[in-house]
Amino acid sequence: MFYCVRTERANTEKYIDAIARGSKGQIVNYQHVLDSTDCNKVAFMGVLRGTNIVYNWAIENRKDFYYIDRPYWGESRGTPYWMRCVKNEHVKTTHENRPDDRYKKYYKGDQISPYHKNGKYVLVVPPSHSMALHFNSANWLENTLKILKANTDRKIIIREKPYNPKSFIDELGRMMPGPSENKQPEKPFEWNQVHAVVTFNSSITIKALHNGVPCFTNFENPCASICESDFSKIETPMYADREHIFYSLAYGQFTQEEFRNGYAMEILDGR
């Protein structure tokens, strides 16, 4: 049985409805999945309101899962409602040899900027409170800053996610959102001033690499294969080709209609 877990939020329930229609899945709450004996695969969105438990349950019980979250590019809050979806991972880290058609057609295919090597500061993007809690990485920022300060004299700028609720685990083990500690609007970067981006799992690596800025990451990240993972090498970043990663990622996010008509599952299951 393929179960699709409710988000318990009206604004995002449409994505679960769409993937359920496209795969003949049954929409249930998170507890139904945990209590089931016939679940062989499950789809869910994010790690809040019980889906964090489903995420770990699927891994522990070796069940195929389809994780849905905000897209790598595009708009999730307006038509055509893009969302990323990855099978058995939090983000897409395994990249197939894909054509450039979706990237160029849907994401404008803007020219990828050459790497520049005259940046003045290091941009550090820590995990959101929810990701730090879910992946047990509360000390990531502290540990990262120690390594960076020991290996570079460049200015270090820390940029948190614009909306970053202080999540917590309730008495049922569900991750729940609290108030946001960062209500500042996202400001555009002067990418030509950034020497490198250092992050946990943020897809800011996509924007940075597109704008000619090398990246460092030491956790699941959509661009991990072309990023340096050793933060002590902050002065010697990796300058790898980027196109094949972007083309693959374009086949890792889908419109609401592509979930509904089954195309998304065809791609994710390799059919």
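Checked by atom type and distance alone, the side chain of E258 pairs as donor or acceptor with a backbone atom of T255 at under 3.5 Å. Checking side-chain atoms of K166 against main-chain N and O of P177 turns up no donor-acceptor pair under 3.5 Å. Of the possible polar contacts, one joining the Y72 side chain to the K92 backbone as a donor-acceptor pair under 3.5 Å is found. Of the possible donor and acceptor atoms, none in the side chain of S202 sits under 3.5 Å from a partner among the backbone N and O of T199. Within the 3.5 Å criterion, the main-chain N or O of K41 finds no donor-acceptor partner in the side chain of D64. Between the side chain of S137 and the backbone N or O of W140, no donor-acceptor pair lies under 3.5 Å. A donor-acceptor pair under 3.5 Å is absent between the side-chain atoms of E190 and the main chain of N192, judged by distance alone. Between the side chain of N52 and the backbone N or O of G173, at least one donor-acceptor pair lies under 3.5 Å. Formation of a donor-acceptor pair under 3.5 Å by the N164 side chain with backbone atoms of H129 is found in this model. Side-chain atoms of N143 come within 3.5 Å of backbone atoms of N139 as a donor-acceptor pair (strictly under, hydrogens ignored).
Taking 4.5 Å as the limit, some side-chain heavy atom of C223 sits within range of a side-chain heavy atom of I206. Between Q253 and V86, every side-chain heavy-atom pair lies at or beyond the 4.5 Å cut-off. With contacts defined as side-chain heavy-atom distances shorter than 4.5 Å, the pair L48/S130 qualifies. For the pair L209 and Y115, the minimum side-chain heavy-atom distance is below 4.5 Å. Side-chain contact between H95 and L249: present, with at least one pair of heavy atoms (C-beta onward) separated by less than 4.5 Å. The side-chain heavy atoms of I156 and K149, taken from C-beta on, include a pair separated by under 4.5 Å. Side-chain contact between C39 and H32: absent, with no pair of heavy atoms (C-beta onward) separated by less than 4.5 Å. Between C215 and V198, every side-chain heavy-atom pair lies at or beyond the 4.5 Å cut-off.
Classification of the W73-F246 ring pair by plane angle, with boundaries at 30° and 60°, yields perpendicular. Taking the six-membered ring for Trp and thresholds of 30 and 60 degrees, F259 and F254 have ring planes more than 60 degrees apart, a perpendicular arrangement. Taking the six-membered ring where tryptophan is involved, the planes of Y103 and Y247 are tilted, since the angle between them lies from 30° to 60°.
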Item checked: Candidate pair Q31 and D35, rule side chain to side chain donor-acceptor pair (under 3.5 Å), full reasoning -> CA-CA 6 Å; Q31 190 61 51; D35 294 339; 3.0 Å; yes
Intermediate values then yes/no, side chain to side chain donor-acceptor pair (under 3.5 Å), E235 and T152: CA-CA 7 Å; E235 287 299 323; T152 185; 2.5 Å; yes
**Report entry** Residue pair L145, I158: steps toward the side chain to side chain contact (heavy atoms under 4.5 Å, CB included) verdict
**Finding:** CA-CA 10 Å; L145 291 177; I158 301 170; 3.8 Å; yes
- prompt: Can you check ring-ring contact (aromatic ring centres under 6.0 Å, His included) on F44 and Y30, steps first, answer last?
  reply: CA-CA 9 Å; F44 53 93; Y30 82 94; over 10 Å; no
*Check the pair V28, V33 against side chain to side chain contact (heavy atoms under 4.5 Å, CB included), reporting the backbone distance first and the verdict last.*
CA-CA 7 Å; V28 297; V33 175; 3.8 Å; yes
TODO: Report the C-alpha distance between N218 and F231 in whole Å, list the side-chain angles of each, state the deciding distance to 0.1 Å, and finish with yes or no for side chain to side chain contact (heavy atoms under 4.5 Å, CB included).
DONE: CA-CA 8 Å; N218 59 358; F231 293 175; 3.4 Å; yes
Derivation and outcome, side chain to side chain contact (heavy atoms under 4.5 Å, CB included), residues C85 and Y67: CA-CA 5 Å; C85 188; Y67 179 84; over 6 Å; no
message: Is there a side chain to side chain donor-acceptor pair (under 3.5 Å) between N221 and T205? Walk through the geometry before answering.
response: CA-CA 8 Å; N221 188 283; T205 52; 2.8 Å; yes
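No chain of hydrophobic side-chain contacts below 4.5 Å, direct or via other Ile, Leu, Val, Met, Phe, Trp or Tyr residues, connects F168 to V47. Hydrophobic clustering (side-chain heavy atoms under 4.5 Å, transitive across Ile, Leu, Val, Met, Phe, Trp, Tyr) keeps L268 apart from I59. I147 and F200 fall within a single hydrophobic cluster, where Ile, Leu, Val, Met, Phe, Trp and Tyr side chains are chained together by heavy-atom contacts under 4.5 Å.
To the nearest 0.5 Å, atoms OG (S167) and CZ (R174) are separated by 13.0 Å. Separating the CD1 atom in I157 from the CZ atom in R159 is a distance of 12.0 Å, to the nearest 0.5 Å. For the atom pair CD1 of I112 and CG of N211, the computed distance is 10.0 Å after rounding to the nearest 0.5 Å. Separation of atoms NE2 (H90) and CG (D69) is listed at 5.5 Å; rounding is to 0.5 Å. The distance from atom CD1 of I234 to atom CG of D153, rounded to the nearest 0.5 Å, is 12.0 Å. Summarising the geometry, atom CD1 belonging to I27 is positioned 7.5 Å from atom CD1 belonging to I16; distances are rounded to the nearest 0.5 Å.
The pair R6-E8 does not meet the salt-bridge criterion, since no charged nitrogen lies less than 4.0 angstrom from a carboxylate oxygen. With respect to R9 and E13, no salt bridge is recorded, no charged nitrogen being found less than 4.0 Å from a carboxylate O. Between D101 and K105, none of the side-chain N atoms (NZ, or NE/NH1/NH2) sits under 4.0 Å from a carboxylate O, so this pair counts as no salt bridge. Ionic pairing of E89 and R84 is not present here: no N-O contact between side-chain nitrogen and carboxylate oxygen is shorter than 4.0 angstrom.
Minimum heavy-atom separation, T7 to R49: O-CD, 3.8 Å. In this structure, V5 and N29 approach most closely via the heavy-atom pair CG1-C, 4.1 Å. Taking all atoms of both residues into account, the shortest heavy-atom contact from V197 to A208 is CG2-CB, 3.7 Å. Residues G74 and P71 approach most closely at O-CG, 3.6 Å, considering heavy atoms. The two atoms that bring M83 and R70 nearest to each other are CE-N, 3.9 Å, heavy atoms only. Smallest separation of non-hydrogen atoms from P99 and Y251: CG-OH, 3.5 Å.
Atom NZ of K233 sits in a sparse spot, with 12 or fewer heavy atoms from other residues, nucleotides or ligands closer than 6.0 Å.
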Tabulate below the donor-acceptor pairs under 3.5 Å that side-chain atoms of residues 116-128 make, not counting sequence neighbours, or state none.
| residue | atom | partner | partner atom | Å |
| --- | --- | --- | --- | --- |
| H116 | NE2 | W191 | O | 3.1 |
| H116 | NE2 | V194 | O | 3.0 |
| S128 | OG | M131 | N | 3.2 |

Would you list the atom pairs, donor with acceptor, under 3.5 Å between side chains in residues 18-25 and any protein atom, with sequence neighbours excluded?
| residue | atom | partner | partner atom | Å |
| --- | --- | --- | --- | --- |
| R21 | NE | D17 | OD2 | 3.1 |
| S23 | OG | I19 | O | 2.6 |

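Just one of R98, R102, E96 meets the side chain to side chain contact (heavy atoms under 4.5 Å, CB included) condition when paired with I267; it is R98.
Looking at residues two or more places apart in sequence or on another chain, you find no ring-ring contact (aromatic ring centres under 6.0 Å, His included) involving F216.
Figure legend: cation-pi geometry between K87 and Y66 absent, as NZ or CZ is not positioned both under 6.0 Å from the six-membered ring centre and within 45° of its axis.
In this structure, Y55 has its ring center under 6.0 Å from that of F65.
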